[in-house]
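Here's the structure, in structure tokens; my notes come after.
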Amino acid sequence: MKHKKMIIVVVTMLFILSLILSYDAIKYRAEQREDQKQVPFILIPGTDADGDRFDTFMNDLMKKTGQRGILKINVNTDGTTQCTSSLTKNSSHPFIVISFSDSSENGVVEQAKWTEIAMKKAHQLYSFKSYNALGHSNGGLVWTLFLENEAQTSDSQMQNLITIATPYNYLDENANPYPNRAALIETDQLKQMIRKKSKIPHHLRMFSIAGNDENDSDGVVPLTSALASRKIYKNEVDSYTEKIFDGSDAQHNQLTENQEVIDYIFHTLY
């Protein structure tokens with residue numbers, strides 16, 4: 001009799017344990033699915049651009065992905081922020097645009113610091129553990145400096161970084177020969193980014209996009225300068241990819257509205 005009671009007790013305990021484990025497994029899978037939805041695409045524009053810089057890009061991308069919520073955060077020089085948002089708590093894969101009241105060329109280092117302020121604000125308004133990022137022109141430099149100097153204290157991890165027409169080695173054509181890219185003359189800023197490249201998260205996938213309108217340049221940034229990203233990211237991250245787009249719509253300011261570029265980004269991220 002005692003033996004039968006013991007068996008019943010053991011079977012009951014095993015049944016209860018199996019229910020607990022099943023519940024935990026279901027809850028874990030549900031949380032994973034939710035986490036996979038909560039991955040924003042965070043965009044930083046280049047010099048003298050504001051929070052509306054990516055409106056056409058986002059609208060064109062949403063023609064492929066479906067409608068997305070949008071959060072825009074502008075950081076003032078005193079560290080305060082201004083926001084506009086169409087996000088809800090359950091927004092899936094939203095866009096977040098980070099802009100700066102001082103978006104001047106000389107303000108890139110400060111903009112990287114302000115990006116950390118914007119990221120903290122984004123976390124207050126929307127819950128996410130990972131994100132994808134894009135920087136156009138100097139926006140790519142801002143992301144790079146952010147990864148090297150600020151991201152270590154961030155509440156989330158960047159999964160994919162796309163930079164478009166970013167002047168990693170500034171704009172001097174003589175310092176950026178093409179196709180002999182190995183002969184480039186490194187600027188002080190590029191040297192500094194190379195020195196600190198080990199701080200970049202190694203799990204990252206990085207995509208460096210350059211435009212070739214004519215004369216091995218997008219009309220502003222030489223190809224060799226845009227692809228000097230290799231000196232920073234190659235062999236430091238999980239994967240590094242370069243992509244050159246040619247033609248009249250590969251001009252510097254048109255690359256974010258180039259349909260081939262948008263298709264490439266869509267297939268890369270979605």
Side-chain angles (χ1 to χ4, degrees), residues 24-46 49-76 79-101 103 111-112 114-136 139-140 142-143 146-147 150-151 153-164 201 203-207 209 256-257 259 261-270:
D24 287 343
I26 292 169
K27 183 181 177 184
Y28 175 73
R29 286 194 294 270
E31 288 174 347
Q32 276 195 318
R33 285 194 295 270
E34 192 64 26
D35 286 347
Q36 289 167 1
K37 287 172 55 181
Q38 307 287 101
V39 181
F41 190 10
I42 306 181
L43 318 172
I44 297 181
D50 60 19
D52 298 331
R53 173 65 178 85
F54 292 109
D55 284 359
T56 300
F57 170 82
M58 291 187 292
N59 286 329
D60 286 345
L61 197 54
M62 283 190 286
K63 292 175 184 177
K64 301 175 181 296
T65 65
Q67 200 65 27
R68 302 277 197 248
I70 298 173
L71 167 63
K72 294 183 178 181
I73 303 172
N74 185 76
V75 185
N76 300 312
T80 59
T81 58
Q82 298 161 323
C83 304
T84 59
S85 177
S86 65
L87 297 192
T88 66
K89 181 180 178 181
N90 297 318
S91 291
S92 177
H93 301 293
F95 292 103
I96 299 176
V97 181
I98 296 174
S99 59
F100 313 100
S101 292
S103 59
Q111 289 159 22
W114 292 331
T115 296
E116 176 64 9
I117 294 173
M119 292 293 286
K120 288 180 178 177
K121 186 65 176 180
H123 278 286
Q124 291 174 11
L125 300 174
Y126 183 74
S127 176
F128 62 99
K129 296 178 182 177
S130 59
Y131 62 98
N132 298 315
L134 181 146
H136 174 251
V142 173
W143 275 127
F146 170 80
L147 288 173
E150 311 294 336
T153 60
S154 180
D155 294 326
S156 54
Q157 289 189 330
M158 186 187 293
Q159 292 182 336
N160 298 281
L161 172 63
I162 301 169
T163 63
I164 302 177
H203 65 269
L204 189 68
R205 294 198 311 160
M206 197 280 177
F207 302 85
I209 294 176
T256 58
E257 299 170 18
Q259 290 304 309
V261 173
I262 291 169
D263 286 342
Y264 179 76
I265 291 173
F266 171 71
H267 291 297
T268 296
L269 297 183
Y270 304 102

### Query
When you look at I98 and M119, which way does the side chain to side chain contact (heavy atoms under 4.5 Å, CB included) test go after all the steps?
CA-CA 9 Å; I98 296 174; M119 292 293 286; 4.1 Å; yes
### Message
How close do G51 and V97 get, counting heavy atoms only, and between which atoms?
### Response
O-CG1, 3.6 Å
### Query
Hey, does T115 have a side-chain heavy atom less than 4.5 Å from the side chain of W143?
yes
### Query
Per the side-chain contact (heavy atoms from CB on, under 4.5 Å) rule, which among F54, Y131, F95 passes with F41?
F95
### Task
Any chance you could measure L204, atom CG, to Q157, atom CD, to the nearest 0.5 Å?
10.0 Å
### Query
Tell me, do L71 and L125 make a side-chain contact under 4.5 Å, heavy atoms counted?
yes
### Task
Find out whether I70 and M62 are in side-chain contact, i.e. whether some heavy atom of one side chain is under 4.5 Å from a heavy atom of the other.
yes
#### Entry: Contact summary for S156 and F128, nearest pair of heavy atoms
OG-CE1, 3.3 Å
### Query
Can you tell me how far the CZ atom of R205 sits from the CE atom of M158, to the nearest 0.5 Å?
13.0 Å
### Summary
Rounding to 0.5 Å, atoms CG (L61) and CG (L269) come to a distance of 8.0 Å
### Message
With rounding to the nearest 0.5 angstrom, report the CD1 to OH distance, I209 to Y264.
### Response
6.0 Å
### Message
Quick check: closest heavy atoms across Q159 and S130, and the distance to 0.1 Å?
### Response
NE2-OG, 3.2 Å
### D263 side chain near K64 side chain, heavy-atom distance below 4.5 Å
yes
### Task
Give the minimum heavy-atom separation between S91 and Q38, together with the two atoms involved.
O-OE1, 3.2 Å
### Side chains of F146 and I44 in contact at under 4.5 Å (non-hydrogen atoms)
no
### Query
Between D55, D50, I96, L43, which is the residue that forms a side-chain contact (heavy atoms from CB on, under 4.5 Å) with K72?
D55
### Query
Taking C-beta and beyond as the side chain, do T256 and R53 meet within less than 4.5 Å on heavy atoms?
yes
### Query
Taking all non-hydrogen atoms of both residues, which atom of I73 and which atom of A118 are closest, and how far apart?
CD1-O, 3.5 Å
### Separation of Q82 CD from N74 CG (nearest 0.5 Å)
5.5 Å
### Message
Can you tell me how far apart CG (N132) and OH (Y270) are? Round to the nearest 0.5 Å.
### Response
7.0 Å
### Query
Which atoms form the tightest heavy-atom contact between H93 and R68, and what is the distance?
O-CD, 2.9 Å
